[in-house]
Protein chains: 2
Amino acid sequence: MYVTSPVSYFEPVSIDDVMHQHELEPAVYHTSTAEAGQPLFCEGDDADFVYEVLEGVVRTSKLLCDGRRQVLAFGYPGDIIGLSHDQIYHSDCDAVSDTKVRVYHKNASGTSFADEPQLCDQFLRHATAEVHDMQEHFLMLGRKSAVEKVASFLVVLLDRVGENNDCKSCFSLPMSRSDIADFLGLTIETVSRTFTKLRKDKIIELPNPHRVCVCKSAKLRALAERSS
Amino acid sequence: MYVTSPVSYFEPVSIDDVMHQHELEPAVYHTSTAEAGQPLFCEGDDADFVYEVLEGVVRTSKLLCDGRRQVLAFGYPGDIIGLSHDQIYHSDCDAVSDTKVRVYHKNASGTSFADEPQLCDQFLRHATAEVHDMQEHFLMLGRKSAVEKVASFLVVLLDRVGENNDCKSCFSLPMSRSDIADFLGLTIETVSRTFTKLRKDKIIELPNPHRVCVCKSAKLRALAERSS
DNA sequence: TTTTCTTGTTGATCTGCATCAAGTAGAATC
DNA sequence: GATTCTACTTGATGCAGATCAACAAGAAAA
């Protein structure tokens, strides 16, 4: 699921599973790859495909005309990207790291999924789960301080992709500081300073700018989860 | 639909219509009323019902444990409230004004809508439309200034419920300044000051604190729609 | 190798909005 | 009527994070 909320309730189910349950033609999807930095789709494009991330990380974002950007979500394996209510993408989507995706081809008949009830139900679950995650992110953007934002972001990644290493839990951070800043509604300087502060407080270690080891996860959660 | 975005692409379709198309029992829903201030549901409640607003305005919100609040959306007639991915409401919902709602009873059989494909498809459209609106709101919360936020908010209401009056377009503002502040990620003082600034700049008039007349809608849109 | 470019870090200063505080006006209650 | 309450407005001040600026370090190009 999209990495938007401190806590994730959604259990991803591969579209593949659903499709096989319903004996769809394999021809309605295929797998594809994208190198780091390459776009998957752009805002305004016809939303002909729905993507499931299989490997790597993608980023969805929107731009203001003066260049300000809001990163909407980072898509990790299992996440569904590109559902649209009106057959047009309303965000840009780019690969943050080298990425493998499953590309689901919409039926040519039109916009309705009513003739594929299991798939429709599955997409509905994805969509409502995404709404839930976005609501958590609203709290983050609207009401949290810089430290709370960064800590919340790290906790989500910790729970999603953290790997235990001694008593630490480590994960890579494939996105740039700029991506993180635009996701959290901060500047790159503030993100960098906040990472430094967490490092100096011995809550995290930063072997390099794109790798995080969480030393004191309880403290990190305390900083993040002032939410009820 | 939820009032979250400057531009709204979604054409609301009554659940009622869908249900009649499929000859569902009238017993699966009923209408109900809520007086201003009354709750429809609370965070953590079992999500037994889905609501369609028929009259009035409702508000969905989330609280942090220290009292900070984020208003997620204002629900106007035609909007669907209360879809959940895990049968539990994840926000509070209260009537802002006296409200009439249609209450849709979920089937006892469980969480899946797969046995009602038309209804499922309809809910999926609602959910993806809501995701789209929320993405616009992300830009607002994360990247816009106070003036841009308030102007964007007013433009949405202008387009949704504005009524032409001379060369002005007027609408009521049933929610409190506190509701608006918690929706936009501001304080009540900043909201109030911004309204005053727009009034002094002759862009809007405020016959009373809960009624807005937009005199210069182009200027208002220019302040709001610096988005691409 | 050196040069240039990109990305991230750190410091100094500024500013938009929050916070603190006081005042106003309409509505509800007595 | 007077009193209280609540919601809103307005002013003074403070601060978190933005902005401006310099620097560092690795990567890519020359």
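Because the structure is predicted, anything quoted here is derived from the model rather than measured. In what follows, chains are A, B, ... by sequence order, proteins preceding strands, each numbered from 1.
Atom CG of B/L186 and atom C1' of D/dC8 are 16 Å apart (whole Å). Between the CG atom of B/L173 and the P atom of D/dA7 there is a distance of 15 Å, rounded to whole Å. Whole-Å rounding puts the A/I188 CD1 to D/dA24 P distance at 17 Å. Distance CD (B/E189) to P (D/dG11): 14 Å, rounded to an integer number of Å. Remark: C1' of D/dG17 and CG of A/L184 are 13 Å apart, rounded to the nearest angstrom. The nearest whole Å value for the distance from the NZ atom in A/K149 to the C1' atom in D/dA16 is 11 Å.
Between A/T60 and A/D94, the closest side-chain pair of non-hydrogen atoms is not below 4.5 Å. Between A/I81 and A/V50 there is no side-chain heavy-atom pair separated by less than 4.5 Å.
Annotation: B/H85 is in aromatic contact with B/H90 [ring centroid separation under 6.0 Å].
Of the residues in residues 190-214 of chain B, those lying under 4.0 Å from DNA chain D by heavy-atom distance are B/S192, B/R193, B/T196, B/R199, B/P209, B/H210.
Residues A/K100 and A/S32 bring no donor and acceptor atom of their side chains to less than 3.5 Å of each other.
Atom CZ in B/F41 sits 6.5 Å away from atom OH in B/Y51 (nearest 0.5 Å).
Geometrically, B/R143 does not engage B/F138 in a cation-pi contact defined by less than 6.0 Å to the ring centre and at most 45° from the axis. Seen from the ring of A/F171, A/R160 does not count as a face-on cation partner, given the 6.0 Å and 45° thresholds.
Across all strands shown, A/T187 has heavy atoms under 4.0 Å from base atoms, whether or not it also approaches the sugar-phosphate.
The outermost nucleotides of DNA chain C lying under 4.0 Å from heavy atoms of chain A, listed 5' to 3', are C/dG8 to C/dA12.
With sequence neighbours excluded, the residues forming a salt bridge (charged side-chain N to carboxylate O under 4.0 Å, His left out) with A/K197 are A/D201, listed by chain and number.
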